[in-house]
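All values below come from the heavy atoms of this structure, side chains included, with hydrogens, waters and symmetry mates left out. Nothing here was measured: the structure is a model prediction, and the numbers come from that model.
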Amino acid sequence: ESVGKQTLQKLVFFTATSEPNLFQLSLADKLPDGSLDFLNVSNNGDFEKVMATIAQIMLSFFEQNPNAIVAFTGSTPQRTRLYRIILVKELKRISDRFTIKGLTDRGIENFVPNQDYLGFIIFNKNAY
């Protein structure tokens with residue numbers, strides 16, 4: 001739950017892809033009618049808490065699926081930029097355990113802070 005200006009239910013999905021061990025990470029708001037909104041900008045005032053919760057969910061997912069590769073992007077360029085900023089903040093803390101790659105229009109490359117990306121890929125260093 002996102003608790004701020006209002007209480008919202010947030011859902012995190014790890015969707016298997018056709019590539020072995022590759023999962024797409026998605027975040028959605030559950031609307032009052034039960035439908036899911038993947039594009040909603042709630043501005044609920046608890047962005048850092050929501051992102052920290054997603055990070056904990058990802059850690060748990062990797063513990064249960066150590067060979068997983070998780071790909072994600074923002075639903076807008078602005079959200080993708082926010083995700084990059086969070087990754088930069090957490091880079092020192094997670095870089096001993098995880099490898100982060102950036103997706104560009106040229107392909108997949110090593111993550112470099114302050115470079116724009118279309119999306120991100122994270123996986124356990126010990127897995128690959």
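For the pair Ser60 (side chain) and Gln56 (backbone), a donor-acceptor distance under 3.5 Å is absent. Ser26 places no side-chain N or O within 3.5 Å of a backbone atom of Phe13 that could act as its donor or acceptor partner. Although no hydrogens or angles enter the test, the distance criterion places no donor-acceptor pair under 3.5 Å between the side chain of Asp37 and the main chain of Asp29. Judged purely by atom type and a 3.5 angstrom limit, Thr53 uses its side chain to pair as donor or acceptor with the backbone of Lys49. Between the side chain of Asp33 and the backbone N or O of Ser35 there is at least one donor-acceptor pair closer than 3.5 Å. Without hydrogens or angle criteria, Lys101 side chain to Ala71 main chain gives no donor-acceptor distance under 3.5 Å.
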Give the C-alpha distance, both sets of side-chain angles, the deciding distance and a yes or no for side chain to side chain contact (heavy atoms under 4.5 Å, CB included) between Met51 and Leu27.
-> CA-CA 10 Å; Met51 291 297 108; Leu27 175 66; 4.3 Å; yes

Might you work through the side chain to side chain contact (heavy atoms under 4.5 Å, CB included) test for Val70 and Phe62, ending with a clear yes or no?
-> CA-CA 9 Å; Val70 175; Phe62 279 118; 3.5 Å; yes

Between Gln64 and Leu59, does a side chain to side chain contact (heavy atoms under 4.5 Å, CB included) hold up when you go through it step by step?
-> CA-CA 9 Å; Gln64 296 173 29; Leu59 289 174; over 6 Å; no

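To the nearest 0.5 Å, atom NZ of residue Lys125 and atom CG of residue Asp96 are 7.0 Å apart. Leu118 contributes atom CG, which lies 6.0 Å from atom CG of Asp105 (distance to the nearest 0.5 angstrom). Within the model, atoms CG of Asn124 and CG of Asn21 stand 11.0 Å from one another, a figure rounded to the nearest 0.5 Å. To the nearest 0.5 Å, atoms CD1 (Ile86) and CZ (Phe120) are separated by 9.5 Å. Between the CG atom in Asn110 and the CD atom in Gln115 there is a gap of 10.5 Å [rounded to 0.5 Å]. Note that CD of Gln24 and CG of Leu22 are 7.5 Å apart. Values are rounded to the nearest 0.5 Å.
The only member of Ile122, Ile94, Val12 that meets side chain to side chain contact (heavy atoms under 4.5 Å, CB included) when paired with Met58 is Ile122.
Of all heavy-atom pairs spanning Ala127 and Pro66, the tightest one is CB-O, 3.4 Å.
Counting only residues at least two apart or in different chains, salt bridge (charged side-chain N to carboxylate O under 4.0 Å, His left out) contacts with residues 52-67 are absent.
In terms of hydrophobic clustering, with Ile, Leu, Val, Met, Phe, Trp and Tyr side chains grouped at heavy-atom distances under 4.5 Å, Leu25 and Leu11 are assigned to different clusters. Tyr117 is connected to Leu91 through a chain of hydrophobic side-chain contacts under 4.5 Å among Ile, Leu, Val, Met, Phe, Trp and Tyr, so both are in one cluster. The hydrophobic clustering, which links ILVMFWY residues whose side-chain heavy atoms are closer than 4.5 Å, places Phe72 and Ile57 together. Ile54 and Leu36 are members of different hydrophobic clusters when ILVMFWY side chains are connected at heavy-atom separations under 4.5 Å.
Phe61 meets the ring-ring contact (aromatic ring centres under 6.0 Å, His included) test with Phe14, Phe23; sequence neighbours excluded. Under the rule for a side-chain contact (heavy atoms from CB on, under 4.5 Å), the partners of Val88 that lie at least two apart in sequence or sit in another chain are Arg84, Phe111, Pro113.
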